[in-house]
S.K.: 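Just dropping this structure here.
Letters go in sequence order (proteins before strands), and every chain restarts at 1.
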Protein chains: 2
Amino acid sequence: MVAKTSVEKSAGRPRDPETERRILEVTLRHLAEEGYSRMSLDNIALAAGVSKPTIYRRWPGKADLATAALRTLQLAEPPVDTGTTTGDLIATLENFSRSLLRPNGLSLIGTVLAEEAHTPELLALFRERLVVPRRQMLLAILDRAKRRGELRRGANLDVAVNLLVGAFYARYLAASAIPAGFPRELVAMVWPGLVRQRR
Amino acid sequence: MVAKTSVEKSAGRPRDPETERRILEVTLRHLAEEGYSRMSLDNIALAAGVSKPTIYRRWPGKADLATAALRTLQLAEPPVDTGTTTGDLIATLENFSRSLLRPNGLSLIGTVLAEEAHTPELLALFRERLVVPRRQMLLAILDRAKRRGELRRGANLDVAVNLLVGAFYARYLAASAIPAGFPRELVAMVWPGLVRQRR
DNA sequence: ATATTACGATACTGTATCGTATCGTAATAG
DNA sequence: CTATTACGATACGATACAGTATCGTAATAT
């Protein structure tokens with residue numbers, strides 16, 4: 001028995017894909033709720049209704065399981081199209097705000113940052129699956145505006161994205177809350193630094 | 001023996017303040033390096049050169065010790081005075097950048113966020129000791145500018161602070177690095193959204 | 001000197017956790 | 001049917017850890 005792929009049929013009992021899906025889902029939740037260090041495979045097995053050997057049959061260790069769980073992360077938001085650049089920015093940031101305000105919304109971020117020195121693959125995966133795609137979304141909106149001649153010549157789009165996204169983290173750190181009109185206020189303040197001046 | 005204050009002399013051996021200071025220093029370091037859950041009192045005692053009962057004589061438990069350690073945090077930067085508002089903002093943000101780029105600079109932030117649900121006093125203390133004072137510094141600079149008539153009438157200074165501070169977090173999350181000219185770029189982009197327009 | 005509190009060293013208790021081993025039953029291919 | 005892999009249940013071994021107990025020595029006040 002060499003390789004086990006989804007097309008190949010072996011002589012034994014087939015693995016249940018639902019089992020794997022459930023383990024990963026529970027793991028992601030526990031990672032967010034407990035952090036990496038406190039997250040326990042005993043508790044994950046219990047919550048997923050599987051035995052520990054079932055988990056170890058798929059992943060050699062705790063870090064591998066956590067990594068696999070983070071690999072399931074993805075942005076689940078439709079593209080926005082409001083007709084204006086600022087409208088698109090605001091809508092995208094509102095999606096972002098909503099995902100941050102979910103239970104444990106910030107704690108997964110906290111966890112991957114806290115674990116950077118010990119288990120750096122966690123931050124790498126988080127970055128790849130959520131951070132970069134979100135930024136690309138915002139960059140795409142700004143890039144279209146730039147190509148339409150809306151933005152000033154030297155506008156650094158990356159800096160704009162850092163400002164817009166980062167403000168949520170700062171706000172949360174300051175008060176564990178993000179007010180409703182926040183995205184609009186952010187865009188309103190950054191926009192004059194972006195927009196092409198009329199002469 | 002009722003209360004033990006620094007002026008009262010009891011009949012027994014006095015406590016060594018250096019012992020307490022050392023324990024707290026080591027605790028803060030371990031909290032930043034290991035996170036709260038993985039931080040261990042065994043290791044702190046070892047690193048501080050004290051016994052565990054010595055720690056427990058001062059603090060009833062792990063959370064109390066971590067909380068006390070965070071209470072020692074404080075901003076250790078002199079006020080800036082460059083002669084211009086943007087200069088002051090940039091200088092303050094450069095101080096901020098330097099503190100974030102220290103070893104484990106972001107992991108303490110990560111830790112308090114990750115622990116919010118389990119040990120909320122950690123985030124509360126971190127907020128009180130570092131987050132709020134930093135914001136006050138930036139707000140003070142902006143407030144002075146506002147009173148000098150430099151800023152637009154309705155400029156929301158809180159939003160500006162969120163943008164400026166938060167951009168560092170976003171940048172770090174995206175690439176685990178903060179480039180040298182970052183503060184200047186941020187201020188340059190936010191400033192047009194703040195400054196009073198000439199007419 | 002005695003009494004008192006602080007201290008490090010050490011040991012202990014109870015619990016938790018990772019990773020491993022085992023077993024009987026389940027689900028498949030041939 | 002046999003052989004094979006998957007599974008849950010269970011147990012195990014080794015280690016770690018928070019919190020507690022104990023003891024002899026240290027550092028003070030009276």
Side-chain angles (χ1 to χ4, degrees), chain A residues 1-24 26-27 30-31 33-69 111 115 118-119 122, chain B residues 1-24 26-27 30-31 33-69 115 118-119 121-122:
Chain A
M1 187 60 247
V2 186
K4 186 184 303 292
T5 68
S6 54
V7 268
E8 248 172 85
K9 293 274 184 165
S10 65
R13 173 175 169 172
R15 280 186 169 166
D16 186 350
E18 173 62 19
T19 296
E20 182 161 326
R21 196 204 59 74
R22 201 164 63 245
I23 294 168
L24 291 175
V26 168
T27 299
H30 280 230
L31 185 58
E33 289 172 4
E34 306 295 333
Y36 178 75
S37 184
R38 192 194 279 112
M39 163 183 115
S40 102
L41 269 74
D42 276 299
N43 288 335
I44 286 168
L46 201 63
V50 302
S51 69
K52 279 209 293 182
T54 299
I55 295 176
Y56 281 102
R57 273 194 282 270
R58 290 167 168 76
W59 300 281
K62 183 171 176 172
D64 308 282
L65 178 61
T67 294
T111 290
E115 283 295 320
H118 292 264
T119 326
L122 299 182
Chain B
M1 186 62 243
V2 185
K4 185 185 303 294
T5 69
S6 56
V7 269
E8 250 175 78
K9 294 273 183 162
S10 66
R13 172 176 171 171
R15 282 188 169 163
D16 186 352
E18 172 61 18
T19 297
E20 181 162 328
R21 195 204 59 74
R22 200 164 64 246
I23 295 168
L24 292 175
V26 168
T27 299
H30 280 230
L31 185 59
E33 289 173 3
E34 306 295 332
Y36 178 74
S37 182
R38 194 194 279 111
M39 163 182 115
S40 101
L41 269 73
D42 277 305
N43 288 336
I44 286 167
L46 200 63
V50 303
S51 69
K52 278 209 293 180
T54 300
I55 295 176
Y56 281 103
R57 273 195 282 270
R58 291 167 168 74
W59 299 281
K62 185 172 177 173
D64 307 284
L65 178 61
T67 294
E115 284 295 321
H118 292 266
T119 327
E121 55 267 32
L122 299 183

S.K.: Measure the distance from CD1 on I55(A) to P on dG8(D) and round it to the nearest whole Å.
M.R.: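 After rounding, the reported distance stands at 9 Å.
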
S.K.: Check the distance between dG19(D)'s P and R58(B)'s CZ and give it to me in whole angstrom.
M.R.: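 Atom CZ in R58(B) sits about 17 Å away from atom P in dG19(D).
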
S.K.: Of M39(A) and T19(B), whose nearest nucleotide on DNA chain C comes first from the 5' end?
M.R.: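 Closer to the 5' end of DNA chain C: T19(B).
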
S.K.: Could you check which of dC17(D), dT10(D), dA6(D) has an atom nearest any side-chain atom of P53(A)?
M.R.: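 Nucleotide nearest to P53(A)'s side chain: dT10(D).
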
S.K.: Show your reasoning for whether side chain to side chain contact (heavy atoms under 4.5 Å, CB included) applies to E20(B) and R58(B).
M.R.: CA-CA 8 Å; E20(B) 181 162 328; R58(B) 291 167 168 74; 3.5 Å; yes

S.K.: DNA chain C: D16(B) or G12(B), which has the more 5' nearest nucleotide?
M.R.: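 The residue whose closest nucleotide sits nearer the 5' end is G12(B).
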
S.K.: Ignoring hydrogens, what is the shortest heavy-atom contact between S37(A) and S37(B)? Give both atom names and the distance.
M.R.: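 It is OG-OG, 3.9 Å.
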
S.K.: Can you tell which of dC7(C), dA29(C), dA6(D) lies closest to the side chain of A11(A)?
M.R.: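 That would be dA29(C).
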
S.K.: In whole Å, what is the span from the CD1 atom of I44(B) to the P atom of dC17(D)?
M.R.: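 Answer to the nearest Å: 11 Å.
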
S.K.: Over how many whole Å does the gap from E18(A) atom CD to dG8(D) atom P extend?
M.R.: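 Between P of dG8(D) and CD of E18(A): 12 Å.
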
S.K.: Taking only side-chain N and O atoms of R38(B), does any of them lie within less than 4.0 angstrom of OP1 or OP2 on dA16(C)?
M.R.: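 No, no such contact exists.
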
S.K.: I want to verify a distance call: between dA27(D), dT5(D), dC17(D), whose nearest atom is closest to the R13(B) side chain?
M.R.: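 It is dA27(D).
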
S.K.: Give the rounded distance in Å between these two atoms: CD1 of I23(A) and P of dG8(D).
M.R.: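 Value for this atom pair: 8 Å.
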
S.K.: So which nucleotide from dA18(D), dG19(C), dA9(D) ends up closest to the side chain of K62(A)?
M.R.: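 Nearest to the side chain of K62(A) among the choices is dG19(C).
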
S.K.: Do the side chain of K52(B) and the base of dG19(D) come within less than 3.5 angstrom through a donor-acceptor pair of N or O atoms?
M.R.: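 When only heavy-atom distances are counted, K52(B) does reach the base of dG19(D) through a donor-acceptor pair under 3.5 Å.
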
S.K.: Specify the residue among R57(B) and P60(B) whose closest nucleotide of DNA chain D lies further upstream toward the 5′ end.
M.R.: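 Its nearest nucleotide being more 5', the pick is P60(B).
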
S.K.: Closest approach to the side chain of Y56(B), judged atom by atom: which nucleotide of dG19(D), dC7(D), dC18(C) is it?
M.R.: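 Taking heavy atoms from C-beta onward, the closest nucleotide is dG19(D).
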
S.K.: Return the value, rounded to whole Å, for the distance between atom CG of D64(A) and atom P of dC18(C).
M.R.: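 About 13 Å, once rounded to whole Å.
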
S.K.: Taking all non-hydrogen atoms of both residues into account, name the closest pair between H118(A) and E33(B) and its distance.
M.R.: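 Minimum heavy-atom separation between H118(A) and E33(B): NE2-O, 2.9 Å.
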
S.K.: Without decimals, in angstroms, what is the distance between D42(B) CG and dA9(C) C1'?
M.R.: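 Taking CG of D42(B) and C1' of dA9(C), I get 13 Å after rounding.
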
S.K.: Between dA6(D), dG8(D), dC7(C), which nucleotide gets closest to the side-chain atoms of S51(A)?
M.R.: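 Output: dG8(D).
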
S.K.: dA18(D) P sits how many Å from L41(B) CG, rounded?
M.R.: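 So the two atoms are 5 Å apart, to the nearest Å.
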
S.K.: Any donor and acceptor pair, going by atom type alone, linking the side chain of H30(B) with main-chain N or O of R38(B) inside 3.5 Å?
M.R.: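 Side chain of H30(B) to backbone of R38(B), a donor-acceptor pair under 3.5 Å: no, none is there.
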
S.K.: Rounded to the nearest 0.5 Å, how far apart are OG1 of T27(A) and CD of E34(A)?
M.R.: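 The distance works out to 12.0 Å.
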
